[in-house]
Amino acid sequence: MSEPLLRVDKVSKNFGGFTALSEVSIDVAPGERFGLIGPNGSGKTTLINCVSGALRNDSGSISFAGEEISGIPAYQRTRRGIARTFQIPRPFSSMPVIENLIVPLEFVVHRGSLHTADTRAEAMAILETIGLADKADTPSSRLSQVELRKLELARAMAARPRLLISDEAMAGLASNEVKEVLAILFKLNESGITIIMIEHIMQAVMRFSQRVICLDAGRIICEGTPESIVRNPDVQRAYLGA
C-alpha cells in the first residue's frame, strides 16, 4: 500500500475553552476522492484551515508527501502542492477572469518571473478545463454564482496542486449547476489530483467520494464508504438529531 499523500495525526485545536478538534487522525491516499462531512460547527473548516496553514494546530502533526508541515506558513504549503477553495468566492473583483489566474500563477508557480505570455497561455488552458474560456476577459464582478464557483476552482488549479480541498464548492447552486461542478471535479481527479470534498449536499458526496469521514463536535464519529456512512445511526443523529 502506498504512503498517504496527506497524514493528519491526532490533531487538536482549541479556541479558548472551546475544543474545535480533538485528536483527529486522517490519511488521504494519492489520487483519492475523499469526502468530509458533518453538521455545522463540527470542525470541518477548522481541520481544513489547519491543513492549509490558515490555522496552527495546538497538538498532533500534519504531514504532506512525507514532510511534516505543521510549522510552515500557508504560502509554503501552497507551493508544496496544497490548494483550496473557499465557501465564499474571493476573486479580485476589479480584474478580468484571466488575471485572477495570472496572479497565483506568477506568485506560486513562476515566483515573480513575469513570463507574461507563458502565464496567459497557462491560464487559458486552465479556463478551458474549468469551462470559463469564453469569460477570460470578463470582469469577475459580472460572473454568475456558478461561474464564481468555477473561478474559485480555476484559481486553486493555478497553483498546480497535488491536493485540492474543495470547501462547499456547490453551496447555493441548482441541481444542474451541481452536476457541472461535479463533472469538473471528476475531470481534475482523473488528471491525477487528490481531492478532499467538504460538502453538505449529500447527493454530491455520495456520487463523488470513494471514502467519507463524518465529524461531529470535533471528533470523527464514522468512516467508511458513502453507502455505509448514510446508514450509520451516529451520522443520522448528528444530522437529524434522531
- Task: Group every Ile, Leu, Val, Met, Phe, Trp and Tyr by side-chain heavy-atom contacts under 4.5 Å, then state whether Met170 and Ile198 land in the same group.
- Result: no

- Regarding Arg84 and the six-membered ring of Phe86, is the cationic atom NZ or CZ under 6.0 Å from the ring centre and inside 45° of its axis? yes

- Message: salt bridge (charged side-chain N to carboxylate O under 4.0 Å, His left out) for Arg120 and Asp137? Distances and angles first, verdict last.
- Response: CA-CA 11 Å; Arg120 185 175 176 88; Asp137 296 312; 3.4 Å; yes

- Query: For Ala123 and Ile98, which heavy atoms make the closest approach, and how far apart are they?
  - Reply: CB-CG1, 3.7 Å

- Task: For side chain to side chain contact (heavy atoms under 4.5 Å, CB included), just list the numbers for Leu127 and Lys135, CA-CA rounded to whole Å, side-chain angles, deciding distance to a tenth of an Å, and then say yes or no.
- Result: CA-CA 8 Å; Leu127 291 177; Lys135 301 287 184 178; over 6 Å; no

- Message: Is there a path of hydrophobic side-chain contacts, each under 4.5 Å between heavy atoms of I/L/V/M/F/W/Y residues, joining Val24 to Ile213?
- Response: yes

- Task: State, to 0.1 Å, how close Ala74 and Ala54 come at their nearest heavy-atom pair, and which atoms those are.
- Result: CB-N, 4.4 Å

- Query: Quick one: does Arg80's side chain have a donor or acceptor within less than 3.5 Å of a partner on Ile69's backbone?
  - Reply: no

- Task: Test Arg162 against Phe64 for side chain to side chain contact (heavy atoms under 4.5 Å, CB included), laying out the working first.
- Result: CA-CA 10 Å; Arg162 298 174 63 188; Phe64 182 71; 4.0 Å; yes

- Query: Does any N or O in the side chain of Arg56 come within less than 3.5 Å of the main-chain N or O of Cys50, such that one atom is a donor and the other an acceptor?
  - Reply: no

- Could you tell me whether the side chain of Arg207 reaches within less than 4.5 Å of the side chain of Phe186, counting heavy atoms only? yes

- Message: Holding to side chain to side chain contact (heavy atoms under 4.5 Å, CB included), I want the full list of residues that pass it with Arg219, two or more places apart in sequence or in another chain.
- Response: Ser22

- Cluster question for you: counting only ILVMFWY and a side-chain heavy-atom cut-off of under 4.5 Å, with indirect links fine, are Leu132 and Val103 together? no

- Task: Check the surroundings of atom CD in Gln203: do more than 12 heavy atoms from other residues, nucleotides or ligands lie under 6.0 Å from it?
- Result: no

- Looking at Leu105 and Ala158, what are the two nearest heavy atoms and their distance? CD2-O, 3.2 Å

- Using modelled atom types only, decide if a donor and an acceptor are shared between the side chain of Arg33 and the backbone of Ile196 within a distance under 3.5 Å. no

- Query: Salt-bridged, Arg160 to Glu122, with N to O below 4.0 Å?
  - Reply: yes

- Task: Using modelled atom types only, decide if a donor and an acceptor are shared between the side chain of Gln145 and the backbone of Glu147 within a distance under 3.5 Å.
- Result: no

- Item | OG-CG distance between Ser144 and Leu173, expressed to the nearest 0.5 angstrom | 9.0 Å

- Query: Cluster question for you: counting only ILVMFWY and a side-chain heavy-atom cut-off of under 4.5 Å, with indirect links fine, are Ile37 and Leu47 together?
  - Reply: no

- Task: Drop me the distance from Leu164's CG to Leu185's CG, to the nearest 0.5 angstrom.
- Result: 7.0 Å

- Task: Using a 4.5 Å cut-off on heavy atoms from C-beta on, say whether the side chain of Glu199 contacts that of Leu182.
- Result: no

- Item | Steps toward salt bridge (charged side-chain N to carboxylate O under 4.0 Å, His left out) verdict (Arg149, Glu177) | CA-CA 10 Å; Arg149 297 290 180 177; Glu177 294 170 338; over 6 Å; no

- Smallest separation among heavy atoms of Gly43 and Leu21, with atom names: O-CD2, 3.5 Å

- Item | Within-4.5 Å side-chain heavy-atom neighbours: Val28 and Arg7 | no

- Message: Using the side-chain contact (heavy atoms from CB on, under 4.5 Å) definition, which of the options Thr194, Ile26, Leu5, Leu6 pairs with Phe34?
- Response: Ile26

- Query: Sub-3.5 Å donor-acceptor pair from the side chain of Ser42 to the main-chain atoms of Ala217, do we have one?
  - Reply: no

- Query: Between Leu151 and Asn100, does a side chain to side chain contact (heavy atoms under 4.5 Å, CB included) hold up when you go through it step by step?
  - Reply: CA-CA 8 Å; Leu151 178 57; Asn100 271 267; 4.2 Å; yes

- Do you know which two heavy atoms are closest between Cys214 and Gly38, and how far apart they sit? SG-CA, 4.2 Å

- Message: Please evaluate residues Lys187 and Glu190 with respect to the criterion salt bridge (charged side-chain N to carboxylate O under 4.0 Å, His left out), reporting the C-alpha separation (whole Å), side-chain torsions for both, the decisive distance (0.1 Å), and the verdict.
- Response: CA-CA 5 Å; Lys187 185 188 298 186; Glu190 288 165 3; over 6 Å; no

- Do Ser209 and Pro226 have side-chain heavy atoms sitting under 4.5 Å apart? yes

- Could you tell me whether a side-chain N or O of Ser25 sits under 3.5 Å from a main-chain N or O of Lys10, the two making a donor and an acceptor? yes

- Message: Tell me the closest heavy-atom pair linking Ala159 and Ala83, and the distance in Å.
- Response: CB-CB, 4.4 Å

- Does the distance from a Lys or Arg side-chain N to an Asp or Glu carboxylate O, for Glu180 and Lys150, drop under 4.0 Å? yes

- Any donor and acceptor pair, going by atom type alone, linking the side chain of Gln236 with main-chain N or O of Val230 inside 3.5 Å? yes

- Message: Quick check: do Leu148 and Pro91 have side-chain heavy atoms less than 4.5 Å from each other?
- Response: yes

- dist Glu223:CD -> Leu215:CG (nearest 0.5 Å) comes out at 10.5 Å

- So, Ser140 and Glu99: side-chain donor and acceptor under 3.5 Å apart, yes or no? no

- Query: Can you tell me how far CD1 of Ile221 sits from CG of Asp234, rounded to the nearest 0.5 angstrom?
  - Reply: 5.5 Å

- Task: Find the distance between CG (Leu153) and OG (Ser166) and round it off to the nearest 0.5 Å.
- Result: 5.5 Å

- Can you tell me if Thr85 uses its side chain to pair, donor with acceptor, with the backbone of Asp167 under 3.5 Å? yes

- Measure the CD1-CD1 distance between Ile165 and Ile48 for me, rounded to the nearest 0.5 Å. 4.5 Å

- Query: Counting distance only, does the side-chain N/O of Thr225 pair as donor-acceptor with the main-chain N or O of Ser228 below 3.5 Å?
  - Reply: yes

- Would you check if the side chain of Asp216 reaches a backbone N or O of Ala238 as a donor-acceptor pair within less than 3.5 Å? no

- Message: Is any side-chain heavy atom of Asp9 closer than 4.5 Å to one of Ile62?
- Response: no

- Query: Same cluster or not: are Val97 and Met95 linked, directly or through other Ile, Leu, Val, Met, Phe, Trp or Tyr residues, by side-chain heavy atoms under 4.5 angstrom apart?
  - Reply: no

- Message: Checking Ile195 against Leu188 for the side chain to side chain contact (heavy atoms under 4.5 Å, CB included) test, could you report, in this order, the C-alpha distance in whole Å, the side-chain angles of both residues, the deciding distance, and whether it holds?
- Response: CA-CA 8 Å; Ile195 297 178; Leu188 297 178; 4.2 Å; yes

